[in-house]
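The structure under discussion appears below in the form of structure tokens.
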Amino acid sequence: MQRDKFFKEIENLNHPNEKLIKTHCSYCGMQCGMNLRVNTQTNKIIGVEPRYDWPVTVGKMCPKGVTAYQQTNHKDRLLKPLIRDDASLKGTTKGFREASWDEAYDLIAKKFKELQTEYGKDSLSVFSGVSMTNEKCYLTGKFARVALATRYIDYNGRFCMSSAAGGFLRSFGVDRGSTLPWTDIHETDCLFIAGSNTAECHPTSMFRIWNVQERGGYIIVVDPRETPIARRADLHLDLQPGTDLALANGIVNQLIKMGYIDEEFINKHTNGFEETKELVKDFTPEYTSMLTGVAPEKIIRAAEIYGKAPNAVVMFARGVEQQHKGVDNVSAYTNMALVTGKIGRPKAGVATFTGQGNGQGGREHGQKSDLLPGYRKITNPKHVEEVCSVWGITPEEMPQPGVSAYEMIELMEKKTIRGLYLLCSNPAVSAPNLNFVRKAFKTLDFMVCSDFYLSESAEFADVVLPAVTWSEDEGTVTNIEGRIIKINKAQEPVGESKPDWQIQVELAERLGKGKYFSYLKTARDVADEFRLATKGGYADYYGATWDKIDKQDGVFWPCKNENDEGTPHMFLDKKFYHPDGKAKICALPYRPPAEEPCEKYPLRLTTGRVVYHYLSGNQTRRIPFLHDMCPEPFVEIHPETASKYNMEHEERVRLFTRRGEAIYKVKITEAIRKDTVFVPYHFGHEDSINLLTIAALDPISRMPEFKACAAQLEKVELKKVQ
Ligand SMILES: Nc1nc2c(c(=O)[nH]1)N[C@H]1C(S)=C(S)[C@@H](COP(=O)(O)OP(=O)(O)OC[C@H]3O[C@@H](n4cnc5c(=O)[nH]c(N)nc54)[C@H](O)[C@@H]3O)O[C@H]1N2
Ligand SMILES: Nc1nc2c(c(=O)[nH]1)N[C@H]1C(S)=C(S)[C@@H](COP(=O)(O)OP(=O)(O)OC[C@H]3O[C@@H](n4cnc5c(=O)[nH]c(N)nc54)[C@H](O)[C@@H]3O)O[C@H]1N2
Ligand code: SF4
Ligand SMILES: [Mo]
């Protein structure tokens, strides 16, 4: 109560030249609460302060968050549309001229119509991202299906959350990234955290995580690297990249053998236990150790700690999910919670660390090739009918399901897809196997890119549209917990930039589809239609009005109507979302990574992040402080490996795989396995590690295996003339 009073006082501070706009960070799924400081004379954003009154992050922010405000009025902002005059300069920043919106829209409409007349409706594609609000994500799905009438739409969540989604759907029948609110997490007795560099990627979770230890609980970390969180964990399982499935099976086997299972829960609320018990029997500590490189005693100890804990939360992130068996990994770790019944009550459950700001909401409302708003399936006639009634089209007019993000790029290279509308993603840096991706983009007949800075992907575009940053528009985002929160507008768009929803409404008009869009005049209009379109779906947002979000500090979905307060804890009634109400314990045979080390490529390459940069780096590389802290990529190598290759700290060396090569500065560190090297992926052009990564896709989620491929190192002076 003291705290509330304090905040009332702060809110009432009467500063004549400044106002505070309550909002959330533009970057990761933590969505830390912040106030943007706005000068009331210039009406420009001038700074930021963390919000202590936000219950999830309680005044905490990371280096990206405290500098995020510098994006809005940055000198690199795109202020007007750009049109490429010289096609021979595709793939560079050159050959563009500024144009009016009218000219840009006319050109896009003309080219899109020409391509569809000549090659059919499905010759166009939409590739989007989830740094956008729910409303924008929703409208992007509608724009693809109604304005462009193409089946080809997919988004960057295929590189991020789709394995978690696939695993949760299979295990629980529903995909909400966390079964419990973050405000519960520090009160549990054991956190089992796999493939998450939490301290660098979700830093504002750390005070809760350390609190588990401070209260006498345990932290177990599974990671090939000794990350900051692994260093302080009670147990660090330093497995070889790509072997999580074996480890999870080994731990589940121990949980069963050591008697930590909850038979009543298993019998009443799950299917699949007997098959799983049979399958995991082979995963003895010794056999599991042989596959994973983790000592047998550590596997037994992990099962013992997790098994004994009265409450425990299994958590994972991209280390586990970005594998060509990511979905299996997710279900295999989820099995730990299901065999022990540590789910469906406060302080226990399963959670993935959602990556992008709207990584959760953005995957629920129709940007994925097979999904419609409210997590409806495009292959389910009833679902299609429900959405058609909101959109005003007939079920016959609804396009078929398309293909996943990387597969769309393959179709571009094959010329099946001829045109691309790319927004809110920078796949020329972040997609795997970049030499191929860049060739595919060059093959396109016509490409539009919407961004607020000229990204590496925009370099391939024929038209670049200036979008707004998160601070120049309003809408909702669904955070790491499944809590729907409100992003507020702090200043007017710079230059002639426009929000993506407005661009789509105006473009639809030019494409002759105005009647389906033109009544959407404000972000709130889009929000109202969006909520209606989710009504009755299992990701039901209908009751999550902006007023309720404000009053309740966010609303957890599902939230079906005005009187529904939302659902912070999933499965409290032990009802899962499969038709029989039971969860599925999955029997999952082990598969090695798609590409195993060999004589020519003896090392395992894994990739990921550093605290100072965000994703493709197009935003954070422009922020002076973040750039200074991490100006270029590096390759992490164990001292013994470095000495074997005769390499020194900070020396530049060549790293190569079957797909590509790059030169990196060596960072010698004992915090990595001897057989593994690590490179962060936030850098463009010749520095991109994705020139080297493999596009081996998970059979269910179609997620690429960013986390494991075979590689080799070479001293640069030894490089042969080619
Ligand atoms: N600073 C920063 N924070 C971010 C982001 C960012 O770009 N920068 N991006 C946001 C987004 S979109 C995402 S998706 C998240 C990602 O968050 P994380 O998944 O935590 O980040 P990564 O660095 O991709 O990978 C996590 C860890 O997986 C480990 N790993 C590698 N291979 C394996 C393996 O085979 N098994 C296991 N168990 N672990 C493995 C790596 O060593 C790494 O420490 O972060 C979000 N937060
Ligand atoms: N090797 C390797 N590759 C990876 C990963 C890895 O761990 N290793 N991780 C993968 C993961 S988890 C992810 S999430 C992807 C992300 O990869 P990308 O999708 O490329 O991520 P961003 O860099 O966020 O790209 C967003 C772009 O859109 C712009 N933008 C931001 N907000 C908006 C908006 O509202 N509207 C518009 N029009 N533009 C906007 C930004 O300036 C930026 O250029 O990368 C994947 N790639
Ligand atoms: S933890 Fe994520 S949401 Fe919070 S300030 Fe950092 S980047 Fe922003
Ligand atoms: Mo991500």
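Whatever order the structure lists ligands and atoms in, that order sets their numbers, starting from 1.
- With a 4.0 Å heavy-atom cut-off, ligand 2 is reached by the backbone of N426 and by its side chain too.
- Taking 4.5 Å as the limit, some side-chain heavy atom of N197 sits within range of a side-chain heavy atom of P228.
- Between F656 and Y601, the ring planes lie perpendicular to each other; the angle is over 60°, past the 30° to 60° tilted range.
- The OG1 atom of T334 lies 11.0 Å from the CG atom of D328; values are rounded to the nearest 0.5 Å.
- Protein residues lining ligand 1, listed by chain and number: C28, K64, C160, G195, S196, N197, E200, C201, H202, V222, D223, P224, R225, T227, L239, P241, G242, D244, A317, R318, G319, V320, Q323, G355, Q356, T606, G608, R609, V610, V611, H613, Y614, L615, H682, K707 [non-hydrogen atoms, distance under 4.0 Å].
- Y664 places a side-chain N or O within 3.5 Å of a backbone atom of I689 that can act as its donor or acceptor partner.
- At a heavy-atom distance under 4.0 Å, atoms from both the backbone and the side chain of S425 approach ligand 2.
- Side-chain N or O atoms of R318 include one that pairs as donor or acceptor with a backbone N or O of F353 at under 3.5 Å.
- Near N618, meaning under 4.0 Å from any of its heavy atoms, are these atoms of ligand 2: 42 (O), 43 (C), 44 (O).
- For S369, the side-chain contact (heavy atoms from CB on, under 4.5 Å) criterion is met by D154, R158, not counting sequence neighbours.
- Atom numbering of ligand 2 starts at 1 in the shown order; those under 4.0 Å from a heavy atom of S450 are 37 (C), 38 (N), 39 (N).
- Ligand 2 is approached by D500 to a heavy-atom distance shorter than 4.0 Å.
- Relative orientation of the F530 and Y138 rings is tilted, given thresholds of 30° and 60° on the angle between their planes.
- Listed by atom number, the atoms of ligand 2 under 4.0 Å from F452 heavy atoms are 30 (N), 31 (C), 32 (N), 33 (C), 40 (C), 42 (O).
- Residues Y612 and H627 place their aromatic rings such that the two centres sit no closer than 6.0 Å.
- K674 NZ: 12 or fewer foreign heavy atoms inside a 6.0 Å radius.
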